[in-house]
Amino acid sequence: MKEHIAELIGVAIDTLKQQGVLPTDLTARVMVENTKDKSHGDFATNIALMLAKQARCAPRDLAQKLVEALPKSDSVTQVDIAGPGFINFFASSETINAVVGQILAQKESYGLSQVGAKQRVQVEFVSANPTGPLHVGHGRGAAYGATISDLLAAVGFDVYREYYVNDAGRQMDILATSVWLRYLELSGERLEFPSNGYKGEYIREIARKVQDQFGQALIKSAKDVFDGVSADEPKGGDKEIHIDELIAKAKSLLGIVNYEGLFDIALNDIRWDIEDDLAEFGVRYQKWFSERSLTRGGDVEKSLKLLQDAGHIYEQEDGALWFRSTAFGDDKDRCVRRENGMTTYFASDIAYMNNKFERGFDKVLYVFGADHHGYLPRMKAVCQALGYPLEKLDFRLVQFAILYRGTERVQMSTRSGSFVTLRELRDEVGNDAARFFYVSRKSDQHMDFDLDLAKSQSKDNPVYYIQYAHARVCSVMRKLAEHQWQFDAALGLANLDRLDSDYEKNLMTALARYPEILENAALNYEPHALALYLKDLSSEFHTWYNALKVLEEDEVLRNARLTLSDAVRQVLANGLGLLGVQAPEEM
RNA sequence: GCCUCAAUAGCUCAGUUGGAUAGAGCGUCCCCCUCCUAAGGGGAAGGCCGCAGGUUCGAUUCCUGCUUGGGGCACCA
């Protein structure tokens, strides 16, 4: 309908050009918007205000001329000029009603589009280090990444979801060493657990699995392990040096084969746990991309060579290699290979990005936690240094959620190992509430996540409110049978003109907005827009439902209202599905 | 010190390419089931859109400065 009105305006503009009222070289983008106030009709355009200057003409006069030049249309019943020069359009009831038939015909595909034109988009999200279970901060990234991926797919993009597994590097060594030390404790050794080690209870569980698999084979005396290792921080030493020396001890005492065996048990255990956790949360990936595969496959060396050949890498006296990211606006240059010959995590990041581009994606999207925002300049620098246009790259930052129980803030602490995990959150409030709450706010804003509200089964809780609207329609459909009635959609659709109340008109207008909401939410990576829309639609529905009876004696009216109910149900189901939330038939 | 995101009703937040009288929900106050799920609905009150300038027909929206908060950065992923 908006397109139709824009076309009408376009014709009117051309006519005025021919009449010499408007300059022929004038270009205008006609904007048609939904009106907020019903007295302003159904659609409005500010075109006269925008063109007034170029036309050397008062806005209202220009609006008058445009209206006079407007071609006739069956869909438009009335055109007004209002305010400083807005042109308001009133749509015919047939035009407004038409959406109901559309929805019933298109069912789950109502709202989908092809604006993405099958462009290939790669989305990387969560990518938390496999050093422990996901916590509630990761949960928001997971819900957000999964939802924008699904939204993009819904509007015609070819979406490829990836989780980058940091399965190489120091953090993983710390994990493996932590597991080993707990294993030694289980075996009866008494030792001082390093302050920088991973202390969560899950480490002990993994240690028991190591015991199952290796038996006594990995036992060394605590005396041998700590012999020659410098002091830990609480005893006046440096905790980083302390843990690094313990890692070295683990490798030398166990030998490379046993060490890697231990390492892999820890890695796989946590990775499976994360994968399982996310799957239960309705989050699935096309690929779990291993960092080790980049190192071992030579991708890291290859991409560094690429940058080196392009002159973006320099070597310092100590032998370390640096990427000149300052040439692309970064604050400082970045080390890619340390003096000890080890490549940095950043070197892997470069290799991974290069790998993504080589796979030919049209768009590469990173969803980061907000604490990683300092990464953006260097990532953009890499993109340019590799010779790819920045337009292919996109970043979205997800802020952390702060948990509350009512008004009381839930304390979280990663250090003590007593953080709130995503799994704990899901167990407490359920997947539906968690998925919905996470994406119901703009992603780059902090959000307060009220656990009590998320659990409450009342109208205060938007998830239940929306789900209840869906269940209500289903309930009405079930009630039909009790009256020995049947839903006659054809009869209803043929008599939509019986739905002449403002309640019903508002509902249909809301239904008609869905495809546009969906498209904007997807293209702007803003799932909260869809969440808000579903709440609004539910509200319109409840208002109508409360005011007018669906199961009327009058068969024609009854079926007309049933078609509208079913259309609402369908759109709610479609929208909730995209948010990863169930649409229950009864509650 | 630099970067970044924010600042809208008592609270939590919308406001998408600059538009008409700035919107929801909660909370407060009032009201509505002999009726399809009251797990719902209606109404009232509540605002210098952080402050000060600028751009123009018009600014909550764009630009600059300031104030106040969140977060990040000092070969650590």
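In what follows, chains are A, B, ... by sequence order, proteins preceding strands, each numbered from 1.
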Roughly how many Å is it from [atom1] in [X] to [atom2] in [N], rounded to a whole number?
| X | N | atom1 | atom2 | answer |
| --- | --- | --- | --- | --- |
| A:N46 | B:U61 | CG | P | 18 Å |
| A:M447 | B:G70 | CE | C1' | 15 Å |
| A:N34 | B:U16 | CG | P | 13 Å |
| A:Y375 | B:C3 | OH | C1' | 16 Å |
| A:Y464 | B:G25 | OH | P | 21 Å |
| A:L507 | B:G41 | CG | C1' | 14 Å |
| A:F541 | B:C36 | CZ | P | 14 Å |
| A:K2 | B:U17 | NZ | P | 10 Å |

*Are A:D167 and A:R271 ion-paired here, with the side-chain N under 4.0 Å from a carboxylate O?*
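No.
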
*Salt bridge or not for A:R558 and A:E553, using N-O below 4.0 Å?*
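Between A:E553 and A:R558 there is no salt bridge, as every charged N stays at least 4.0 Å from the carboxylate O atoms.
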
Inter-nucleotide [atom1] distance ([N], [M]), Å rounded:
| N | M | atom1 | result |
| --- | --- | --- | --- |
| B:C48 | B:A44 | C1' | 24 Å |
| B:C49 | B:U21 | P | 15 Å |
| B:G18 | B:U61 | C1' | 6 Å |
| B:G10 | B:C5 | C1' | 25 Å |
| B:U16 | B:C62 | P | 9 Å |
| B:G69 | B:A74 | P | 24 Å |
| B:G19 | B:G1 | P | 37 Å |
| B:C11 | B:U56 | C1' | 37 Å |

So what does [X] touch, heavy atoms closer than 4.0 Å: a base, only the sugar-phosphate, or nothing?
| X | answer |
| --- | --- |
| A:A320 | nothing |
| A:Q457 | base |
| A:N129 | sugar-phosphate |
| A:D318 | base |
| A:N520 | nothing |
| A:T543 | sugar-phosphate |
| A:D444 | sugar-phosphate |
| A:E339 | nothing |
| A:E586 | base |
| A:I517 | nothing |
| A:R338 | sugar-phosphate |
| A:L532 | sugar-phosphate |
| A:K479 | sugar-phosphate |

Between [N] and [X], is there an OP1 or OP2 to side-chain N/O distance shorter than 4.0 Å?
| X | N | value |
| --- | --- | --- |
| A:H372 | B:C5 | no |
| A:S440 | B:C13 | no |
| A:K332 | B:C75 | yes |
| A:K442 | B:U16 | no |
| A:R478 | B:C36 | no |
| A:Y465 | B:G41 | yes |
| A:R472 | B:A38 | yes |

[N] base / [X] side chain donor-acceptor hit below 3.5 Å:
| X | N | answer |
| --- | --- | --- |
| A:N88 | B:A20 | yes |
| A:H542 | B:G41 | no |
| A:D448 | B:U12 | no |

*asked:* Measuring from atom CG of A:N461 to atom OG of A:S456, what distance do you get when rounded to the nearest 0.5 angstrom?
replied: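 Output value for this atom pair is 4.5 Å.
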
_Atom pair OG1 (A:T147) and OH (A:Y438), whose distance is rounded to the nearest 0.5 Å_ =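 Reported value, rounded in 0.5 Å steps: 12.0 Å.
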
What nucleotide among [options] has an atom nearest to a side-chain atom of [X]?
| X | options | result |
| --- | --- | --- |
| A:M587 | B:C36, B:U16, B:A39 | B:A39 |
| A:H373 | B:U4, B:C75, B:A20 | B:U4 |
| A:N546 | B:G41, B:U16, B:C36 | B:G41 |

Between [Y] and [X], is there a side-chain donor-acceptor contact under 3.5 Å, judged purely by atom types and distance?
| X | Y | answer |
| --- | --- | --- |
| A:Y314 | A:D333 | yes |
| A:Q171 | A:N166 | no |
| A:D432 | A:Q467 | yes |
| A:E540 | A:T543 | no |
| A:E162 | A:W288 | no |

Pairing partner of [N] (Watson-Crick or G-U wobble, both distances under 3.5 Å):
| N | answer |
| --- | --- |
| B:G1 | B:C73 |
| B:A6 | B:U68 |
| B:C48 | none |
| B:C62 | B:G54 |

*Would A:H40 count as stacked on B:A20 if the rule is ring centres under 5.5 Å and plane angle under 30°?*
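Given the distance and angle limits, yes, they stack.
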
_I'd like to check, for A:F86, whether its ring lies over the base of B:A20 with centroids under 5.5 Å apart and a plane angle smaller than 30°._
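Yes; centroid distance and tilt both under limits.
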
*For the pair A:Y375 and A:F368, name the ring-plane relationship: parallel under 30°, tilted 30 to 60°, perpendicular over 60°.*
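Ring orientation of A:Y375 relative to A:F368: perpendicular.
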
